[in-house]
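Residue numbers start at 1 and run along the sequence shown. Note: hydrogens, waters and symmetry copies are ignored here, and every other heavy atom, side chains too, is used. None of the values given here were measured: they were computed from a predicted structure.
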Amino acid sequence: MNKKNDIIVKLKTLRPTFSKSQKLIADFIYEHYDQAAFMTAAKLGEKVGVSESTIVRFATELGYSGYPAFQHVLREIIKNKLTASQRMEITSSKFADKDILSTVLSSDIDKLRQTLETVSVEDFSACIDTIMNAHKVYVIGSRTCFSIANFLGFYLNLISIDSRLITTNSASETFEQIFTIGPDDVIIAISYPRYSRRTLNAVKYAHNRGSKVIAITDSEISPIVEYSNHKLLARSDMSNFVDSLVAPLSIINALIVALVMRNRDKVSDNFDALENIWEEYNVYEKHIEE
């Protein structure tokens with residue numbers, strides 16, 4: 001995206017010329033464009049403390065045909081994601097002269113609250129049913145998402161769900177690991193902006209093979225949603241230089257706990273056996289009090 005046409009840069013450049021109301025709108029969008037992209041003009045106005053008509057006029061004065069066109073641009077930013085340099089610029093602006101620790105933790109708490117308000121309980125329950133009924137569960141997440149995909153894969157195996165973590169070192173290796181996927185299987189795909197093409201291609205392949213697809217992602221316009229049977233939307237802070245994946249990790253924790261509760265007796269027996277193995281092979285350091 002050309003930086004001259006980037007609405008985020010435009011808002012920052014034009015801010016000194018804005019009225020008090022326009023500055024309120026610009027500041028909210030600058031820091032929370034991922035939320036604004038899905039708000040109606042009335043809802044955005046309510047959030048900022050201005051009228052709906054003020055929001056509409058703001059969009060047209062920026063050169064857009066109306067609020068929907070302005071909103072479309074915000075959604076395109078989410079699709080294409082800010083570049084690393086743009087994210088660094090916004091991060092510097094957001095955290096300048098602030099207590100970074102409390103600001104980041106407060107932001108993460110806010111993302112968890114937003115996720116709790118919007119995540120579908122029905123989709124969550126359907127995901128549990130789908131995983132429990134699957135012949136094999138594949139888990140995929142690329143780049144920063146790989147860390148929480150690895151976390152999920154570890155616990156799925158620990159609770160005796162036949163699962164496989166897909167490593168994405170190359171496109172060919174990805175397809176080599178999922179080429180036998182079929183209608184009895186499920187793939188759990190974790191994808192956040194900038195959306196990985198490798199994850200998307202794997203999801204497309206699984207979908208075409210008739211596999212169930214569970215998407216853990218940030219919004220309805222995430223490219224993997226189109227191919228998913230179930231989606232769990234967890235918010236992230238896309239304007240920071242470091243991706244905040246607290247909310248999707250919390251969703252994953254909830255999935256694991258729900259799966260354990262569905263299969264309590266078997267999991268309990270497995271952990272009894274594992275404790276004996278861990279004890280025999282000194283897997284964990286023992287703390288001996290003097």
Side-chain angles (χ1 to χ4, degrees), residues 32 34-40 42-43 47 71 75 78-79 108-141 145 148-149 151-153 155-156 158-163 181-193 195 199-200 202-238 244-267:
H32 305 289
D34 56 326
Q35 296 179 46
F38 300 97
M39 289 180 173
T40 63
K43 187 68 176 177
K47 186 75 174 178
Q71 193 176 45
R75 293 186 178 186
I78 296 173
K79 275 187 183 178
D108 282 342
I109 291 169
D110 188 43
K111 297 299 175 293
L112 287 169
R113 187 179 295 112
Q114 292 170 31
T115 299
L116 182 59
E117 291 172 354
T118 57
V119 71
S120 167
V121 175
E122 291 77 13
D123 260 341
F124 181 81
S125 296
C127 288
I128 301 304
D129 291 336
T130 300
I131 293 169
M132 290 295 296
N133 293 326
H135 173 69
K136 193 177 189 70
V137 178
Y138 296 82
V139 181
I140 186 168
C145 293
I148 57 176
F151 179 87
L152 175 58
Y155 274 100
L156 288 178
L158 203 59
I159 62 176
S160 296
I161 289 177
D162 188 5
S163 62
I181 196 169
D184 295 329
D185 302 319
V186 59
I187 184 168
I188 303 174
I190 306 167
S191 184
Y192 280 78
Y195 304 111
T199 299
L200 176 59
V203 166
K204 285 181 180 179
Y205 176 80
H207 172 79
N208 291 337
R209 295 270 300 178
S211 170
K212 300 290 192 302
V213 177
I214 296 174
I216 300 177
T217 189
D218 64 315
S219 74
E220 293 281 358
I221 62 172
S222 170
I224 65 172
V225 167
E226 179 182 350
Y227 303 95
S228 67
N229 300 93
H230 309 292
K231 58 185 183 295
L232 297 172
L233 303 183
R235 302 305 294 262
S236 69
D237 192 344
M238 298 177 296
S244 174
L245 297 175
V246 170
L249 180 58
S250 189
I251 288 288
I252 287 169
N253 282 339
L255 280 175
I256 294 166
V257 171
L259 289 167
V260 168
M261 296 305 292
R262 284 282 189 95
N263 208 10
R264 234 178 317 185
D265 292 339
K266 184 177 180 181
V267 172

Item to check | Phe124, CZ atom: more than 12 neighbouring heavy atoms under 6.0 Å | outcome: yes
Item to check | Minimal non-hydrogen separation, Ser163 against Gly153, with atom names | outcome: OG-O, 3.8 Å
Item to check | Within-4.5 Å side-chain heavy-atom neighbours: Leu152 and Leu156 | outcome: yes
Checklist entry - Do the non-hydrogen side-chain atoms of Cys127 and Thr130 ever get within less than 4.5 Å of each other? => result no
Checklist entry - Any salt bridge between Lys212 and Asp184, counting N to O under 4.0 Å? => result no
Item to check | Minimum-distance pair of heavy atoms, taken over all atoms of Ala215 and Ser228 | outcome: CB-CB, 3.8 Å
Checklist entry - Hey, is Asp162 close enough to Lys136 for a salt bridge, meaning N to O under 4.0 Å? => result yes
Checklist entry - Short question: side chain of Thr199, backbone of Tyr195 - any donor-acceptor pair under 3.5 Å? => result no
Checklist entry - Looking at Arg113 and Asp110, does any basic side-chain N land under 4.0 Å from a carboxylate oxygen? => result yes
Item to check | Atom pair CD1 (Ile161) and CZ (Arg262), whose distance is rounded to the nearest 0.5 Å | outcome: 10.5 Å
Next on the checklist: Determine whether a donor-acceptor pair (N or O, by modelled atom type, separation under 3.5 Å) exists between the side chain of Tyr227 and the backbone of Val213.
Outcome noted: no
Checklist entry - Are Pro248 and Tyr192 close enough that some pair of their side-chain heavy atoms sits under 4.5 Å apart? => result yes
Checklist entry - Does the side chain of Leu255 come within less than 4.5 Å of Leu232's, by heavy atoms? => result yes
Next on the checklist: Contact between Ile190 and Leu245 at the side-chain level, heavy atoms closer than 4.5 Å - yes or no?
Outcome noted: no
Checklist entry - Is it true that a side-chain atom of Ser250 and a backbone atom of Ala247 form a donor plus acceptor pair closer than 3.5 Å? => result no
Checklist entry - So how far is it from Leu233 CG to Lys231 NZ, rounded to the nearest 0.5 Å? => result 6.0 Å
Checklist entry - So, Glu220 side chain and Val225 main chain: donor-acceptor pair closer than 3.5 Å or not? => result no
Checklist outcome for this item: Taking every heavy atom of Met39 against every heavy atom of Gln71, the minimum-distance pair comes out as O-NE2, 2.5 Å
Item to check | From CD1 (Ile140) to CD1 (Ile224), nearest 0.5 Å | outcome: 9.5 Å
Checklist entry - Within the distance-only criterion (no hydrogens, no angle test), does the side chain of Asp185 pair as donor or acceptor with the backbone N or O of Gly182 below 3.5 angstrom? => result yes
Next on the checklist: Is there a side chain to side chain contact (heavy atoms under 4.5 Å, CB included) between Ile181 and Tyr205? Walk through the geometry before answering.
Outcome noted: CA-CA 9 Å; Ile181 196 169; Tyr205 176 80; 3.9 Å; yes
Checklist entry - Quick one: CD1 on Ile216 to OG on Ser222, what's the gap to the nearest 0.5 Å? => result 11.5 Å
Checklist entry - Is a side-chain donor or acceptor of Ser211 paired with a backbone partner of His207 at a separation under 3.5 angstrom? => result no
Item to check | Any side-chain heavy-atom pair of Ile187 and Ile214 under 4.5 Å | outcome: no
Next on the checklist: Is it the case that the side chain of Arg235 and the backbone of Thr115 share a donor-acceptor pair, with hydrogens and angles ignored and the cut-off at 3.5 Å?
Outcome noted: no
Next on the checklist: Between Thr40 and Lys43 (side chain of the first, backbone of the second, donor and acceptor by atom type, cut-off under 3.5 Å), is there such a pair?
Outcome noted: yes
Next on the checklist: When you measure from the side chain of Thr217 to the backbone of Ser191, do you find a donor-acceptor pair of N or O atoms at a distance under 3.5 Å?
Outcome noted: yes
Checklist entry - Rounded to the nearest 0.5 Å, how far apart are CD1 of Ile148 and CD1 of Ile252? => result 4.0 Å
Item to check | Under-4.0 Å salt bridge between Glu226 and Lys204 | outcome: no
Item to check | CD1-CZ distance between Ile256 and Phe151, expressed to the nearest 0.5 angstrom | outcome: 4.5 Å
Item to check | Contact check, side chains of Leu259 and Ile159, non-hydrogen atoms, under 4.5 Å | outcome: yes
